[in-house]
Amino acid sequence: MRRAIRFIVPLLTLAVVLIAVGPAARDAARAAGERDITIAQGIDAEFLDVQMTNNIVTLIINGSIYDTLLTRDKQLQITPRLATAYKLVSEKVWEVKLRSGVKFHNGEPFDASAVKFSFERIYRPDFKSPQKGWFGTIDRVEVVDPTTVRFHTKVPDPAMPARMTLMYQLAPKYVAQVGDVQANLKPVGTGPFKFVEWSKNERIVVEANDEHWTGKPAVRRATWRPIPELGARIAALQTGQADLIVNVPPDQLPALSATRTVRVEKIPSCRIIYFGIAQIKGGALADRRVRQAINHAVDVQGILDAVLLGNGKRINSSMPPNVWGYDPSIPLYDYNPQKAKELLAAAGQTNLTLTLQAPNGRWAMDKDIAQAVAGQLTENGIKTNVKIIGEWGSYVRSVLDHKTEDIFMNGWCLPSLEPDHWVTPNLHTGEPVSQYSNPEVDKLMEAARAEMNVEKRKQLYAQLLRLIRDDAPWIFGYQQMDIYGVNTRLKWTPRGDESIRLTEIGF
Amino acid sequence: MLAYLARRLLQSVLVLLGVSVIVFGLLHLTGDPTRLLLPLEAREEDVRQLRTLLGLDDPLWLQYVRFLSRAVRGDFGLSFKHQVPALGLILSTLPATLQLTVAGLSLALVVAVPVGILAALRRNSLLDAVCSVGVLLGQAMPVYWLGLLLILVFAVWLGWFPAAGRDGLRSFVLPACALGAFSMARIARLARSGMLEVLAQDYVRTARSAGVRAFVVTYKYALKNAAIPLVTVIGLEFGILLGGAVITETIFAWPGVGRLAVDAIFSRDYPLVQAIVAVLATLFVLINLAVDLVYTYLDPRIVYVRSAR
């Protein structure tokens, strides 16, 4: 027994010491500074060279360091940023007036040459920017004077203002001087926050740029932390280690609400979740009546209520309500098993067996929702098997190679919020993601994306979305609900474009 | 001894070469990374262009030769995803993993060895039974579950330790416990059975009957002999923990090599995966070598000589 004591005593001592110093951990996070905040997301930024990424989380972080020419306000309307005004000079020329007196964090002035440099850098042949596709309609940038630039487009492009919300501005002299690698590791922009530190997979720290033309930010210092595991992310919020966390799944809401210092914020997102029906495979799926029957055979609202606890909003066609061009008058498919049976009978497909593919862990409860959809289809006479492809790389390949199963789950949101980017990539004939082909739909899309008259363009989208709804290339799913956990000391409400702007946070 | 060392080093090089071939082959079997690097809506011509930029158009053997000739000079190329030297990325995350591994293993040793010895000395006692249950639990509990449990109890309820991240000494405690639990159980079991075996040996009985004090018999004679299998396992355990810290690192948001590796594999970041495997394999081989050398100290009967031909 004496020997046992020899080990137990030091262990107990250690435990006592830990208990004594323990609770300080909780306060340590707070003591860092009243107006300092920590935001926890699932992943780290891929790049702080903002032109090297198209990843939304990475863009959110970069958005505090860099400014764009135009931006979206809280209602997602396009508003001035580094550009103060823009106008159409001729059908293919946009003239943009720039804000004067703006300086990059290193003191370099921002002017028209920076706009030209930033645009041309993306298209440098040896520069591996994934943003090349964003500005493909632009032919060249012309510097008119230090505060005026002109964008010459290859075709009439009504999406130019939306594209300008993605034109992040870099400091030409700085990038030339330090090179691409350093520009990524020590980013310099004109944004409301200055870069302080980046420790890979650990933290990115930025501090307020009090010289920013929008004024001094309320937040003094912000730390972005990647915490991949959901449980740890929630624990970090509950313990005060993080002030704002993203991607809270609906089933965790009760647990979060139980913590006194935490509140929940929700907003319907620009991201839509749909089940594509691979019409190009031919067979039964080429028949519009079969695709309509599939839509009538799934109780989307029921699934939203049961699986996502009501956190999601049905979509009537291929666009969410917060994207310009959406038409609220288009009717939803009603859940009607009888009608589904009649349509199947009319198409001569009363003994249909399908396979539905879904990823696991990509979108909130994706696998469960896919299983519920397949269950209802089976129940209503369309025997549907589920194939879960857990590895995202393989999943993407099946879609891009046009080798999906009969039905494939997909989620979609592009930071441009440009209406064409919800239809063309997903439904135009031959597009990488599209498993659908309809010349009539193609023609309308092409007309809408080139129409310079705003009213006419809106009408074209209404017509297009209605046509898509009736032709049923998808099981029209839902608009995702973005759910955040927030420390009650923060004054903040979320945005519908998945972005988090530090300047919108108060105390 | 020197000849032995030289031979072992040569063997190690061959092992590493073999590892590099396997990793290179397997990676390229998993498919084309360009599509994952580009946005879903990217056009076919963008994909082709990027593939050429990354050198993926060349024949496989040429890619391998290029990889190898650079790797021996310590250049593993630019990570596809991060566009910075792969080796630099690893070296910047390796300390975090090494620290965690050392902490986890030390914790395992500090607890497991005494517990194992005690259990052996008090065989079939209550203490032994408690230890056996502990060992069973330690080996049966999946690390992600244990990790979340630790976070819930010690971070959320008690508020003693941070839930995630690496900020000072306190942040080591939970991940080290989670990481060390499995090893702890394994080492305790091994220490117990090793001690039991040694304690039953004739020389222990002789020592006891000669009136040597029980403490000396246990710790000077018995323990040293029981330690040989332990050293082997600890060496292996260290290697396993280095590579196996993936889950722990993910749960506790620990900025280590494990998370980097998982990320690299999912995004098919060939240069980064190759570099990580090369670095970890080298470490593993070196640890094994070190373990073999420690044997000579523990057991003077083991002498490494040029094998007689």
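Quantities reported herein were computed from a predicted structural model and do not represent experimental measurements. Convention: sequence-line order gives letters A, B, ...; per-chain numbering from 1.
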Problem - chain A contact via B:Ile151 - which portion, at a heavy-atom distance below 4.5 Å - result: side chain
Exercise for the section: State whether the number of non-hydrogen atoms from other residues, nucleotides or ligands found under 6.0 Å of A:Arg124 atom CZ is greater than 12. Expected result: yes
Fill in the blank from the handout: Taken to the nearest 0.5 Å, the spacing of B:Leu89 CG from A:Lys200 NZ works out to 7.0 Å
Practice task
Using non-hydrogen atoms and a 4.5 Å limit, figure out which bit of A:Thr259 sits close to chain B: side chain, backbone, both or neither.
Solution key: neither
Practice task
Check each atom of A:Glu431 against the heavy atoms of chain B and say whether the ones under 4.5 Å are side chain, backbone, both or neither.
Solution key: side chain
Practice task
Determine, for A:Arg225 against B:Asp167, whether the closest basic-nitrogen to carboxylate-oxygen distance falls under 4.0 angstrom.
Solution key: yes
Practice task
Identify which of A:Leu414, A:Thr53, A:Val399 forms the greatest number of heavy-atom pairs closer than 4.5 Å to chain B.
Solution key: A:Leu414
Fill in the blank from the handout: Nearest heavy-atom contact between B:Thr250 and A:Pro228 is O-CG, 3.3 Å
Problem - Closest approach of A:Ala232 to B:Ala163 (non-hydrogen atoms, all atoms of both residues) - result: O-CB, 4.2 Å
Practice task
Answer yes or no: is there a side-chain heavy-atom contact under 4.5 Å between A:Arg203 and B:Pro255?
Solution key: no
Exercise for the section: Of all the heavy-atom pairs spanning B:Ala164 and A:Gln241, show the shortest one and how long it is. Expected result: O-NE2, 2.5 Å
Problem - Region of A:Ile43 that comes under 4.5 Å of a non-hydrogen atom in chain B - result: neither
Practice task
Write down the atom of B:Leu50, the atom of A:Lys128, and the distance for their closest heavy-atom approach.
Solution key: CD1-CG, 3.9 Å
Handout entry: Heavy-atom contact with chain B under 4.5 Å, split by part of A:Arg233
Key = neither
Exercise for the section: Decide, yes or no, whether a salt bridge links A:Glu391 with B:Arg268 under the criterion of side-chain N to carboxylate O below 4.0 Å. Expected result: yes
Problem - For B:Gln83 against A:Phe47, the heavy-atom pair lying closest together - result: CB-CE2, 3.8 Å
Problem - Side chain, backbone, both or neither of B:Leu152 within contact of chain A (heavy atoms, under 4.5 Å) - result: neither
Practice task
Could you tell me whether the side chain of B:Arg259 and the main chain of A:Asn201 form a donor-acceptor pair under 3.5 Å?
Solution key: yes
Practice task
Inspect the surroundings of NZ in A:Lys154 and state if more than 12 heavy atoms from other residues, nucleotides or ligands are less than 6.0 Å away.
Solution key: yes
Exercise for the section: Step through the shown structure and confirm whether more than 12 heavy atoms of other residues, nucleotides or ligands are within 6.0 Å of CZ on A:Phe127. Expected result: yes
Fill in the blank from the handout: Nearest heavy-atom contact between A:Asn184 and B:Val84 is ND2-CG1, 4.3 Å
